[in-house]
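One-based numbering, in listed order, for ligands and for the atoms of each. Positions are given from 1, in the same order as the sequence printed here.
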Amino acid sequence: MLVLGIETSCDETAASVVKDGRVVLSSIVSSSLSFHKKYGGVIPEIAFRMQLETIAGVVECAIKEAKVNLKDIKAVSVTNTPGLSGSLAVGVSFAKSLALSRNIPLLGVNHLYGHIYASFLNRDIPGFPFISLIVSGGHTSLFLVKDFDDIVLLGATCDDACGEAFDKVARILNLGYPGGPIIEKMATMGDSKKIKFVCSNTTNPLDFSFSGVKTAVLYYAQRHGLCRGYVPRHKAQDRRQKTQDTRRKTQVADIAAAFQEAVVGTLVKKSLLACQEYKLKKLIIGGGVAANNYLRLRFNADFNNEGIECLFPAKAFCMDNAAMIAGFGYQLFKRGHRSNLYLNMEFN
Ligand code: KG4
Ligand code: ZN
């Protein structure tokens with residue numbers, strides 16, 4: 001059965017055709033990221049105007065690349081929560097029109113559940129139950145997954161999301177946007193032991209808090225005159241200037257490494273706690289931050305020690321995409337779920 005997935009919850013316009021919930025026939029992602037870069041974050045008005053312009057072309061492209069016809073699509077699955085209001089409205093309206101005009105079922109999908117499902121694309125689905133950690137730009141959540149239509153939230157961030165903290169720290173250090181990949185790269189050049197940052201405790205041990213560690217980085221960078229990062233403002237003419245730039249670069253790299261260490265350490269600790277509390281030996285990780293190589297290494301090492309299997313999505317499916325929405329929609333369809341044309345968006 002072919003399902004068309006549509007994802008427009010943030011800056012991406014994405015469409016994908018997935019067969020039987022597993023085989024990805026196409027996955028098209030068009031991003032307006034370059035238009036947001038100079039603002040250091042996503043501007044909702046820019047995002048949804050671009051999505052309005054591109055949605056039809058992106059869907060057409062996904063169908064063409066999958067080498068199928070529109071009449072072969074048996075259901076349409078769309079992200080309806082959480083996300084930016086205007087952006088969600090573009091995808092949901094398009095999906096509704098398609099479902100109505102083709103007379104096929106419509107399925108509204110929670111974007112975070114899509115991220116859980118990303119690990120199963122083009123792979124086997126493990127047995128239930130399992131724990132899932134979702135670390136993205138907007139959310140950080142731990143779930144107990146009993147089935148695809150029986151997912152319990154165990155903990156979430158009380159303030160900044162994990163990816164958001166990476167983005168803000170990169171901004172403090174003047175490294176650019178999005179921050180995750182740049183912090184990861186800088187961290188490989190730094191020494192994580194030179195500075196110690198810690199993530200704040202939370203009342204519910206399975207909740208997260210990242211705003212404290214972000215502020216600690218800000219104060220440290222201010223104290224050491226590093227808020228402008230290491231980028232030389234003028235061409236380094238003399239040797240003294242060059243030496244100073246190299247020193248600043250090393251200091252920024254050390255901050256990046258120490259920050260990444262603190263964040264990944266907390267994610268490992270809390271995910272392990274969830275697995276132990278529910279006596280489960282499987283952890284599924286998803287979301288943009290799951291693309292981080294250090295995070296993957298640490299989870300694999302620490303969880304293997306405990307006899308817990310960790311599963312990550314292929315890198316292409318860590319960031320927002322529509323294949324995960326098509327796949328999850330198929331699973332909902334198989335379990336008898338259907339959305340109607342009154343399907344609402346939920347914005348939080
Ligand atoms: O899941 P995603 O594509 O969008 C949301 O649903 O929010 O995640 C985007 C987030 C951004 O905050 C970005 O900085 C972060 O994922 N990210 C990373 C890495 N690649 C992307 N964070 C850490 N390390 C990375 N390699
Ligand atoms: Zn996402």
Compute the minimum heavy-atom distance from Glu12 to ligand 1 and say whether it is under 4.0 Å. no

I need the minimum non-hydrogen distance between Ile325 and His111, along with the two atoms involved. CD1-CA, 4.4 Å

What protein heavy atom sits nearest atom 1 (O) of ligand 1, and how far away is it? Gly288 N, 3.0 Å

Applying a 4.0 Å heavy-atom criterion (strictly less than), which segment of His139 is in contact with ligand 1: side chain, backbone, both, or neither? neither

Compare Thr79, Asn321, Asp320 and give the one whose heavy atom is closest to atom 2 (P) of ligand 1. Asp320

Is Ile6 close to Val59 at the side-chain level, that is, under 4.5 Å between some pair of heavy atoms? yes

Let me see the working for Ser16 and Asn321 under side-chain contact (heavy atoms from CB on, under 4.5 Å), right down to the final yes or no. CA-CA 8 Å; Ser16 164; Asn321 66 86; over 6 Å; no

Restricting to N, O or S, what is the name of the atom of Asp320 that lies nearest the Zn ion (ligand 2)? OD1

Could you find the nearest protein heavy atom to atom 18 (C) of ligand 1 and give me its residue, atom name and distance? Gly180 CA, 3.4 Å

Restricting to N/O/S atoms, is His115 within less than 2.8 Å of the Zn ion (ligand 2) or not? yes

Nearest protein heavy atom to atom 26 (N) of ligand 1, by residue and atom, and its distance? Glu184 OE1, 2.7 Å

Answer with side chain, backbone, both or neither: which part of Met319 has a heavy atom less than 4.0 angstrom from an atom of ligand 1? both

Would you mind checking if Lys214 and Asp159 are paired as a salt bridge, meaning a charged N to carboxylate O distance below 4.0 Å? no

For atom 9 (C) of ligand 1, the closest protein heavy atom turns out to be Gly137 N, 3.7 Å

Hey, which atoms in ligand 1 end up nearer than 4.0 Å to a heavy atom of His111? 6 (O)

Atom 24 (N) of ligand 1: which protein heavy atom is closest, and how many Å away? Asn292 ND2, 3.1 Å

Using a strict 4.0 Å cut-off to heavy atoms of His115, name the atoms of ligand 1 that fall inside it. 1 (O), 6 (O)

Side chain to side chain donor-acceptor pair (under 3.5 Å), paired with Lys270, selected from Asn204, Thr202, Thr140: Thr202

When you measure from atom 14 (O) of ligand 1 to every protein heavy atom, which one gives the shortest distance, and what is it? Asp167 OD1, 2.7 Å

Are Arg22 and Asp124 within salt-bridge range, i.e. N to O under 4.0 Å? yes

State plainly whether the residues Glu261 and Lys193 are in salt-bridge range, i.e. N to O under 4.0 Å. no

Of the backbone atoms (N, CA, C, O) and the side-chain heavy atoms from C-beta on, which set of Val289 has a member under 4.0 Å from an atom of ligand 1: side chain, backbone, both, or neither? both

Under a 4.0 angstrom heavy-atom cut-off, which atoms of ligand 1 come close to Gly138? 7 (O)

Is it true that some N/O/S atom of His111, main chain or side chain, lies under 2.8 Å from the Zn ion (ligand 2)? yes

With a cut-off of under 6.0 Å to the ring centre and 45° to the axis, is Arg171 in cation-pi contact with Tyr177? no

Would the Tyr113 and Phe148 ring centres measure less than 6.0 Å apart? no

Suppose we call two aromatic rings close when their centres sit under 6.0 Å apart. Are Phe166 and Phe210 close by that rule? no

Check for me whether the distance between the ring centres of Phe130 and Phe120 falls short of 6.0 Å. yes

